[in-house]
Amino acid sequence: MSLHQLPDGRACEAADGFRRSATAGCGAARKHWIPELAELHALEALAPRVQQSAAVQPSDYFDGIWSTNLIDGVLYGVPWYVDTRLLFYRTDLLKKAGFDAPPENWREWRRTLAALKEQAGAQRFSILLPLNEFEPLTALALQQREPLLREGGGRGNFDSPGFRKALGFYVEMFDRGWAPVVSEAQISNVWDEFGRGYLPITSRPWNIAEFRRRLPPERSHDWMTAVLPGPDGPGASIAGGSSLVIFAASHRKEQAWQLIEYLSRPDVQERFRALTGDLPPRRSAWNLPALAADPYARAFRQQLELARPAPRCRNGNTSKMNCGWSASWPQRGRSRWNGPRGELNQRVDAILEKRRWMLARAGSRHMRAGE
């Protein structure tokens, strides 16, 4: 077996080379790659193989994670490992601020952040929301009833009441001084700052192993994880991670599928988690003793049951179709939302221009067929 590592930022360019090559069998594709690879006709549709497989059972996967592999109803990937966002928090600082449990809804979250800020003082903060990350704002938006896209996924929906509500809460965290107006690069070491109490709450993923390794001994039991609060109770978060795909031009599809089935076994996924810290997408893997007994991972399972995919569609550059422009929202402040929302709609509408053309073309063909 020969392995090739692809840089994230240029994955589709490299995968386009694999599309023309018969030697590549399968690959690991990030969730936002799959729509773009499907548009390149680079991927094999996997539903027929899944239907005949005893190893890959769709009902065993978290619903939101599985659905990230469906593009216009066609299955192109099998989840390999998962990523989502939730809260890591300092239990001792929450208790000192008067809270015995983490917040479960936005009202409690506001009270908690305000109390932590009052306790910390002007030079410290309540939560870290790096400006260069689109995931926090996206997660808040996914908790709303309205979708982020409208007209069949052909236009942005950033003037909806739901997005306005999510954006308002997101910007409020900066306006009130609960979150510092910084990017990830401006925080020298998130783990040390968390340990010092500079940032008692963070939503960064993959931190279970890092906090265990990096926090000082006196803080080793002063932290925990919690489901992301929603407007009225435990809320949705993003459905991320990586999936296993088969390249359409491959001459080794049977061997590639055998590898996917092997990597999809719950015991193999648990072994992979132990080696890398990446979390499995199958519920049965979470029932195995090592992961089931991990108190820090418990909230991740609960969050994965609530995970929702961000917009994804063929004929739309999904890697750009996110709230990555969120760095400008806190700097503009709540009094200047209307202009930025309109610009965001325009940006996303431009990205989705080809999709609108394809939808219109498909509609015309359907009308002609019905005549």
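Owing to the predicted nature of the structure, the values given are computational and were not obtained by experimental measurement.
Using a 4.5 Å heavy-atom cutoff, the side chains of Glu146 and Asn157 are in contact. Leu244 is not listed as a side-chain neighbour of Cys26, based on a closest heavy-atom distance of 4.5 Å or more. By the 4.5 Å heavy-atom criterion applied to side chains, Leu291 and Trp286 are counted as neighbours.
Note on Arg301 versus Asp294: no salt bridge recorded, every NZ/NE/NH1/NH2 to OD/OE distance being 4.0 Å or above. Using a 4.0 Å cut-off between charged nitrogen and carboxylate oxygen, Arg85 and Glu133 count as a salt-bridge pair. Ion pairing between a basic and an acidic side chain is recognised when a charged N comes within 4.0 Å of a carboxylate O; Arg356 and Glu353 show no such pairing. Asp222 has a carboxylate O that lies under 4.0 Å from a charged side-chain N of Arg219, or vice versa, which qualifies the two as a salt bridge. A salt bridge does not link Asp83 to Lys31: none of the charged side-chain nitrogens sits closer than 4.0 Å to a carboxylate oxygen. A salt bridge is absent between Arg111 and Glu108: the closest approach of a Lys/Arg side-chain nitrogen to an acidic carboxylate oxygen does not fall below 4.0 angstrom. By the 4.0 Å N-to-carboxylate-O rule, Arg49 lies close enough to Glu254 to be salt-bridged with it. Remark: Asp60 does not engage Arg283 in a salt bridge, criterion side-chain N to carboxylate O under 4.0 Å.
Residues Val171 and Leu131 share a single hydrophobic cluster, defined by chaining ILVMFWY side chains whose heavy atoms lie under 4.5 Å apart.
Contacts of Gln255 classified as side chain to side chain donor-acceptor pair (under 3.5 Å), with partners at least two apart in sequence or in another chain: none.
A donor-acceptor contact shorter than 3.5 Å links the side chain of Lys253 to the backbone of Ala248. Using a distance-only test at 3.5 Å, with no hydrogens or angles considered, a donor-acceptor pair links the side chain of Ser67 to the main chain of Gly64.
Aromatic rings from Tyr296 and Phe300 are positioned such that their centres are separated by 6.0 Å or more.
Of all heavy-atom pairs between Pro180 and Ile127, the closest is CD-O, 3.3 Å.
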Could you tabulate the donor-acceptor pairs under 3.5 Å formed by side-chain atoms of residues 260-268, not counting sequence neighbours?
from, atom 1, to, atom 2, distance (Å)
Glu261, OE2, Ser53, OG, 2.6
Glu261, OE2, Trp257, NE1, 3.2
Ser264, OG, Ile260, O, 2.7
Arg265, NE, Asp267, OD1, 3.1
Arg265, NH2, Asp267, OD2, 2.7

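When only modelled atom types and interatomic distance are considered, Asn207 and Trp191 share a side-chain donor-acceptor pair under 3.5 Å.
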List the steps, then state whether ring-ring contact (aromatic ring centres under 6.0 Å, His included) holds for Trp106 with Phe169. CA-CA 8 Å; Trp106 285 10; Phe169 183 39; 4.6 Å; yes

